[in-house]
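Note sheet for the following structure.
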Amino acid sequence: NAGVTQTPKFQVLKTGQSMTLQCAQDMNHEYMSWYRQDPGMGLRLIHYSVGAGITDQGEVPNGYNVSRSTTEDFPLRLLSAAPSQTSVYFCATTGPYSETQYFGPGTRLLVL
Amino acid sequence: GQQVMQIPQYQHVQEGEDFTTYCNSSTTLSNIQWYKQRPGGHPVFLIQLVKSGEVKKQKRLTFQFGEAKKNSSLHITATQTTDVGTYFCAITNAGKSTFGDGTTLTVKP
């Protein structure tokens, strides 16, 4: 049981490049979320999903796209990377009758 | 949406001293969770509180939920170097969590 996995662990992009951050869970949870964490700050919700085929925006969605074709996977796409998107990105999942968030190990992204 | 304010932002203590972080909301909360994030790591769930006035303990950690369900605290007795990290409170509704900015604890041996 891997829980929540994220790839890659580290990534360096140039301004304007696009990329996809991968997130997968084997907990059979319906809810999945993407957060970003900037130095000295809490976690801010980017996008979330309450089940396959259903996604919605969080607090800071601009510049990011998501899709949820399966229960297990919830990729986050950066359309045109900007230095302001330099951050640590965490994927998390929650069960339907629980408020506990289970986090992946994170992806550290640097945009030059 | 609902927001939570967490104080202090940083706390530096000598090993063996106590530590407390507070989480406050202007609205009544249905639940509150506490997480710990070690340096370089990811947030890890510690506990959830749902009842007015609830107090829960985990070894040296004591968690409280206010009577009005608008505030919560995490108290660590006799800190150890293993307690270093950032402690977050969070409120969750339908799978969406809103996190406080966290309190970063450093412990001097």
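So that the names make sense, note that chain A is the first sequence line, chain B the second, and so on, each numbered from 1.
- Tracing side-chain contacts under 4.5 Å through hydrophobic residues (I, L, V, M, F, W, Y), one reaches B/Val4 starting from B/Leu74; they form part of the same cluster.
- Closest approach of B/Pro43 and A/Phe103 over heavy atoms only: O-CD1, 3.4 Å.
- Residue pairs meeting the disulfide bond (SG atoms under 2.5 Å apart) criterion with at least one partner in residues 50-88 of chain B, sequence neighbours excluded, are absent.
- B/Phe88 and B/Phe63 are members of different hydrophobic clusters when ILVMFWY side chains are connected at heavy-atom separations under 4.5 Å.
- Heavy atoms closer than 4.5 Å to chain B are found in both the backbone and the side chain of A/Leu43.
- Under a hydrophobic clustering in which Ile, Leu, Val, Met, Phe, Trp and Tyr are joined whenever their side-chain heavy atoms come within less than 4.5 Å, directly or via other members, A/Val66 and A/Leu109 fall into the same cluster.
- Connection of B/Leu49 to B/Phe45 is not established within any shared hydrophobic cluster, with ILVMFWY side chains joined at heavy-atom distances below 4.5 Å, either directly or through further cluster members.
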Using distance alone, with no hydrogens and no angle check, list the donor-acceptor pairs under 3.5 Å between chain B and chain A.
{"residue": "B/Tyr35", "atom": "OH", "partner": "A/Gln101", "partner atom": "N", "Å": "2.8"}
{"residue": "B/Gln37", "atom": "OE1", "partner": "A/Gln37", "partner atom": "NE2", "Å": "2.9"}
{"residue": "B/Gln37", "atom": "NE2", "partner": "A/Gln37", "partner atom": "OE1", "Å": "2.9"}
{"residue": "B/Gly40", "atom": "O", "partner": "A/Arg108", "partner atom": "NH2", "Å": "2.8"}
{"residue": "B/Gln48", "atom": "NE2", "partner": "A/Glu99", "partner atom": "OE1", "Å": "3.3"}
{"residue": "B/Gly95", "atom": "O", "partner": "A/Gln101", "partner atom": "NE2", "Å": "3.2"}
{"residue": "B/Ser97", "atom": "N", "partner": "A/Tyr35", "partner atom": "OH", "Å": "3.3"}
{"residue": "B/Ser97", "atom": "OG", "partner": "A/Gln101", "partner atom": "NE2", "Å": "2.8"}

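- For B/Glu67, the side-chain hydrogen bond (donor to acceptor under 3.5 Å, both in side chains) partners at least two apart in sequence or on another chain are B/Ser52.
- Pairs passing the disulfide bond (SG atoms under 2.5 Å apart) check and including a residue from residues 22-112 of chain A, sequence neighbours excluded, read A/Cys23-A/Cys91.
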